[in-house]
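Counting starts at 1 for both ligands and their atoms, in listed order.
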Amino acid sequence: MLAKDTVRQFLARCEDSVLKGEKQLAAELATQSLERGYDILDIVDNGFAVGIRRAGDLWEAGEYFLPELAFSAEAMKSAMTVLQPALIRADARSVSKGVVIIGTVQGDIHDIGKTLVATMLSANGYQVIDLGSDVPHTRFLEEASRHDHCFLCMSALLTTTMANQAQVIGLLEQQRLRDKVRVIVGGAPTSEPWAKDIGADRYAANAVEAVQVIDSLI
Ligand code: B1M
């Protein structure tokens with residue numbers, strides 16, 4: 001019981017460090033979570049990520065200004081930088097299960113969730129080619145054309161950029177690449193029906209689901 005309370009308090013501190021945009025503290029807490037042997041995914045999902053989402057809610061409510069949201073994002077990223085190598089080490093497989101190309105679509109610079117998905121896929125034995133954020137459609141196509149078979153994961157966090165996922169799929173079809181690429185879409189405004197509408201192979205709601213979905217497509 002005491003241990004549970006301690007973890008809960010620790011998660012609250014992680015959340016708070018991101019909410020308040022305390023970059024150094026977030027990195028320190030991430031380091032401590034490794035030293036204490038906590039479940040890293042739990043720390044990310046139920047600690048740091050809660051903080052960044054709350055910051056977004058405050059921004060939407062007009063209580064935070066954009067610089068405050070940006071500070072929160074910086075704090076989240078500093079924690080992720082500490083945790084990423086451990087996430088990969090935690091579950092790394094020696095043989096690649098396949099190539100995954102991942103990126104956030106054009107016009108969209110949100111990269112925290114995409115990077116978490118990329119990290120989890122690497123940790124689960126995929127060779128991940130991370131194209132970053134604000135990725136031009138042609139860049140996805142260029143990379144896909146280099147591989148015999150691959151998975152393409154597109155992230156979109158804005159309702160104004162999610163349509164770019166559909167455009168990339170259209171271009172894959174036009175260039176006759178669609179048959180050798182399995183397309184999985186994700187990001188907060190996207191959904192299972194959206195994936196069906198635009199002709200994606202699957203939708204994944206989060207990083208863990210992305211691994212499960214791609215495993216099921218092999
Ligand atoms: Co922005 N932003 N933002 N933002 N931001 C949102 C998305 C918003 C919902 C905030 C809000 O209004 N509450 C809103 C979008 C509204 C809408 O479209 N309907 C918004 C807006 C409007 C904007 C700007 C337009 C603001 C402005 O300039 N006026 C601007 C856009 C700039 C641009 O992209 N062109 C902007 C800017 C920013 C910051 C730079 C300040 C910063 C981004 C920093 C960065 O990423 N480097 C930021 C942030 C931090 C957010 C919120 C608060 C948090 C996003 C995040 O990192 N979440 C966000 C509000 C929110 O999400 N509640 C918001 C944590 C992350 C772990 O979760 O990204 O959801 P998430 O990823 C999850 C799943 O979605 C899924 O798995 C991940 C892990 O579990 N997933 C995938 C994601 N990608 C996947 C790909 C897959 C599978 C699963 O492939 C198969």
Side-chain angles (χ1 to χ4, degrees), residues 14-15 18-19 21 23 26 40-81 83-84 87 98 100-124 126 128-136 140 150-165 168-169 181-192 194-195 198 200-217:
C14 294
E15 177 186 331
V18 170
L19 186 64
K23 191 173 165 178
I40 306 170
L41 258 191
D42 184 39
I43 296 292
V44 173
D45 281 347
N46 300 314
F48 295 117
V50 178
I52 192 70
R53 294 203 173 102
R54 278 190 62 203
D57 292 344
L58 288 175
W59 177 73
E60 202 172 21
E63 288 178 42
Y64 262 22
F65 293 106
L66 204 54
E68 288 165 303
L69 182 58
F71 283 137
S72 290
E74 283 301 312
M76 172 90 197
K77 287 182 107 173
S78 71
M80 291 307 295
T81 304
L83 296 176
Q84 250 163 23
L87 272 171
V100 178
I101 300 163
I102 189 167
T104 308
V105 295
Q106 190 170 306
D108 198 328
I109 62 167
H110 295 90
D111 66 353
I112 295 171
K114 179 272 302 166
T115 305
L116 186 55
V117 174
T119 304
M120 286 307 292
L121 287 166
S122 294
N124 282 275
Y126 290 94
V128 178
I129 300 168
D130 187 344
L131 302 180
S133 58
D134 190 13
V135 179
F140 283 122
C150 62
F151 299 97
L152 172 58
C153 291
M154 285 186 280
S155 177
L157 264 284
L158 298 169
T159 44
T160 49
T161 57
M162 58 195 278
N164 290 336
Q165 295 178 333
V168 172
I169 293 174
V181 182
R182 292 281 156 268
V183 180
I184 306 98
V185 293
T190 66
S191 62
E192 196 81 59
W194 166 254
I198 64 171
D201 291 289
R202 295 289 290 276
Y203 159 75
N206 54 50
V208 172
E209 207 175 292
V211 175
Q212 290 164 351
V213 164
I214 296 183
D215 278 352
S216 75
L217 287 172

Could you tell me whether ligand 1 has any atom less than 4.0 Å away from a heavy atom of [X]?
X: A156; result: no
X: K77; result: yes
X: T160; result: no
X: A188; result: yes
X: A207; result: yes

Self-check item: Any donor-acceptor N or O pair under 3.5 Å, side chains T161, D108
Solution: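 Per modelled atom types, T161 and D108 side chains form a pair under 3.5 Å.
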Quiz item: Are any of the N or O atoms of R53 closer than 3.5 Å to those of ligand 1?
Solution: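 Yes, at least one N or O pair falls under 3.5 Å.
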Quiz prompt | Test of proximity, G107 against ligand 1: N or O pairs below 3.5 Å | solution =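 Such a contact does occur with ligand 1.
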Quiz item: Please state which protein non-hydrogen atom is closest to atom 5 (N) of ligand 1 and give its distance, to 0.1 Å?
Solution: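 Protein heavy atom with the smallest distance to atom 5 (N) of ligand 1: H110 NE2, 3.0 Å.
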Quiz item: Among protein heavy atoms, which sits nearest to atom 89 (C) of ligand 1, and what does the distance come to when rounded to 0.1 Å?
Solution: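 It is A204 O, 3.3 Å.
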Self-check item: Spatial distance of atom CG (D215) from atom CZ (F151) [nearest 0.5 Å]
Solution: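 It comes to 8.5 Å.
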Quiz prompt | Mode of E209 contact toward ligand 1 - side chain, backbone, both, neither (heavy atoms, under 4.0 Å) | solution =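 Looking at E209 and ligand 1, no heavy atom falls under 4.0 Å.
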Quiz item: Just by modelled atom types, is the I184 backbone N or O under 3.5 Å from a matching donor or acceptor in the D201 side chain?
Solution: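 Answer holds: no.
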Quiz item: Do S72 side-chain atoms and L19 backbone N/O form a donor-acceptor pair below 3.5 Å?
Solution: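 Between the backbone of L19 and the side chain of S72 there is a qualifying donor-acceptor contact (under 3.5 Å).
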Exercise. Please name all residues satisfying side-chain contact (heavy atoms from CB on, under 4.5 Å) with E68, sequence neighbours left out, ordered by chain then number.
Key: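 Here the qualifying residues are Y64, F65.
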